[in-house]
K.L.:
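One structure is given below, represented as structure tokens, and several questions about it will come after.
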Protein chains: 2
Amino acid sequence: MPASPAEASTQIDRIHAVGARATPARIAVLRLLESAESALSHREIEEALATGFDRVTLYRVLDWLVESGLGHRITDGERVFRFSLAAPANASHAEHAHFRCECCGKMFCLADIPVPAPALPAGFSGKAVEYCVTGQCARCETDVSSDES
Amino acid sequence: MPASPAEASTQIDRIHAVGARATPARIAVLRLLESAESALSHREIEEALATGFDRVTLYRVLDWLVESGLGHRITDGERVFRFSLAAPANASHAEHAHFRCECCGKMFCLADIPVPAPALPAGFSGKAVEYCVTGQCARCETDVSSDES
DNA sequence: ACGACACATGCAACAAGGTTGCAACAAAGA
DNA sequence: TCTTTGTTGCAACCTTGTTGCATGTGTCGT
């Protein structure tokens with residue numbers, strides 16, 4: 001079920017709400033991230049949006065997304081950035097934990113698990129925290145155990 | 001104060017203990033990491049060891065270090081890997097938190113701060129946890145405040 | 001509805017970090 | 001000392017992300 005113009009208006013509103021231009025690339029990325037179950041890398045976004053947006057355009061859209069506060073950027077353990085939407089403006093988007101599956105490579109937001117506040121040594125001031133667990137996700141876990149040949 | 005052969009024997013023993021060959025590159029990297037106050041990136045290691053080891057050699061030494069259990073690899077928030085030595089075999093090297101200074105780029109091991117165990121959703125199994133705080137370290141903090149012009 | 005302007009896009013080139021293949025070399029044991 | 005097997009150096013390559021610049025387009029004022 002591809003985009004209908006009516007559905008796209010949701011994204012357009014969100015874009016305008018942060019004082020930016022509603023462009024096809026931005027709308028498409030927003031829509032994609034909204035329906036994503038896990039944080040996506042630039043590569044994954046490029047492949048999902050087979051619409052021929054330029055690589056650089058996507059990088060810029062993603063940068064804009066973070067700058068404007070509509071999304072965040074997290075780093076998985078493998079030198080790539082991943083992007084997910086921030087929660088809608090009403091909810092305060094507390095920092096949450098992430099889970100990266102070694103098997104399928106997907107990254108999940110563990111919204112339920114609050115990131116424990118760090119106790120830093122004297123003189124240190126923390127701004128942001130990344131809390132990322134690596135392991136196997138539920139699906140890969142069952143795949144592997146049922147595949148024990 | 002450069003390496004003395006006598007001091008190097010410590011490193012050689014550690015290398016032999018994991019069943020590997022004691023080569024100049026490995027000894028040098030081990031020595032460097034032992035004296036490092038923070039986790040070092042490949043680049044930093046290459047510059048500190050101005051001894052002309054090949055880039056690739058260092059990458060391979062670092063990979064070996066992690067595989068053999070003598071060191072770990074962590075990712076700072078900026079797409080680069082950093083390496084530090086594992087604690088000596090007697091101590092169980094519990095996972096610890098890291099701190100990356102946005103200002104000077106250094107990465108510190110916060111050995112005192114235990115990484116809280118994650119509560120994962122059903123079906124997920126975690127193997128490793130990364131807990132990294134970003135902010136300003138004590139030195140940069142004072143530099144900035146005394147530099148307010 | 002139209003035009004202007006600022007911002008967004010596409011292209012090409014670049015940069016940094018890391019990996020691979022392969023021939024030459026050297027540490028460890030016989 | 002000799003052999004073997006693991007290590008090194010080199011060159012080339014890949015991936016991820018960035019920059020400069022000319023062209024295109026969304027938005028606003030009219």
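Chain letters run A, B, ... following the sequence lines, proteins first and then strands; every chain starts at 1.
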K.L.:
Over how many whole Å does the gap from R82(A) atom CZ to dG17(D) atom C1' extend?
P.N.:
15 Å

K.L.:
For the pair F99(B) and F108(B), name the ring-plane relationship: parallel under 30°, tilted 30 to 60°, perpendicular over 60°.
P.N.:
tilted

K.L.:
I15(B) and V29(B): same hydrophobic cluster, using ILVMFWY side-chain contacts below 4.5 Å?
P.N.:
yes

K.L.:
Rounding to an integer number of Å, can you tell me how far D76(B) CG sits from dA16(C) P?
P.N.:
16 Å

K.L.:
Under 3.5 Å, is there a donor on one side chain and an acceptor on the other for S125(B) and E141(A)?
P.N.:
yes

K.L.:
Would you kindly give the CG-to-P distance between L30(B) and dT7(D), to the nearest whole Å?
P.N.:
13 Å

K.L.:
Starting from the 5' end of DNA chain C, give me the residue, E78(B) or R26(A), whose nearest nucleotide shows up first.
P.N.:
R26(A)

K.L.:
What is the distance, rounded to the nearest whole Å, between atom CG of D13(A) and atom P of dT27(D)?
P.N.:
11 Å

K.L.:
Cut-off 3.5 Å, side chains only: do T134(A) and E130(B) have a donor facing an acceptor?
P.N.:
no

K.L.:
Grab the CG-C1' distance between L62(B) and dT19(C) for me, whole Å please.
P.N.:
14 Å

K.L.:
Answer yes or no on whether R73(A) is positioned over the face of F81(A), meaning its NZ or CZ is under 6.0 Å from the six-membered ring centre and within 45° of the axis.
P.N.:
yes

K.L.:
In residues 42-61 of chain A, which residues come under 4.0 Å of DNA chain D by heavy atom?
P.N.:
H42(A), R43(A), R55(A), V56(A), Y59(A), R60(A)

K.L.:
Does a distance-only test, which skips hydrogens and angles, find a donor-acceptor pair under 3.5 Å between the side chain of R79(B) and the base of dG17(C)?
P.N.:
no

K.L.:
Is there side-chain contact between R21(B) and R26(B), with at least one heavy-atom pair below 4.5 Å?
P.N.:
yes

K.L.:
Of L40(A), T51(A), L58(A), T57(A), which meets side chain to side chain contact (heavy atoms under 4.5 Å, CB included) against E46(A)?
P.N.:
L58(A)

K.L.:
For the pair made of CG in D63(A) and C1' in dG17(D), what is the distance, rounded to whole Å?
P.N.:
9 Å

K.L.:
Where the side chain of R21(A) is concerned, which of dG24(D), dT4(D), dT9(C) is the nearest nucleotide?
P.N.:
dG24(D)

K.L.:
Any side-chain N or O of T23(A) under 4.0 Å from OP1/OP2 of dT25(D)?
P.N.:
no

K.L.:
May I have the distance from W64(A) (atom CH2) to dA6(C) (atom C1'), rounded to whole angstrom?
P.N.:
17 Å

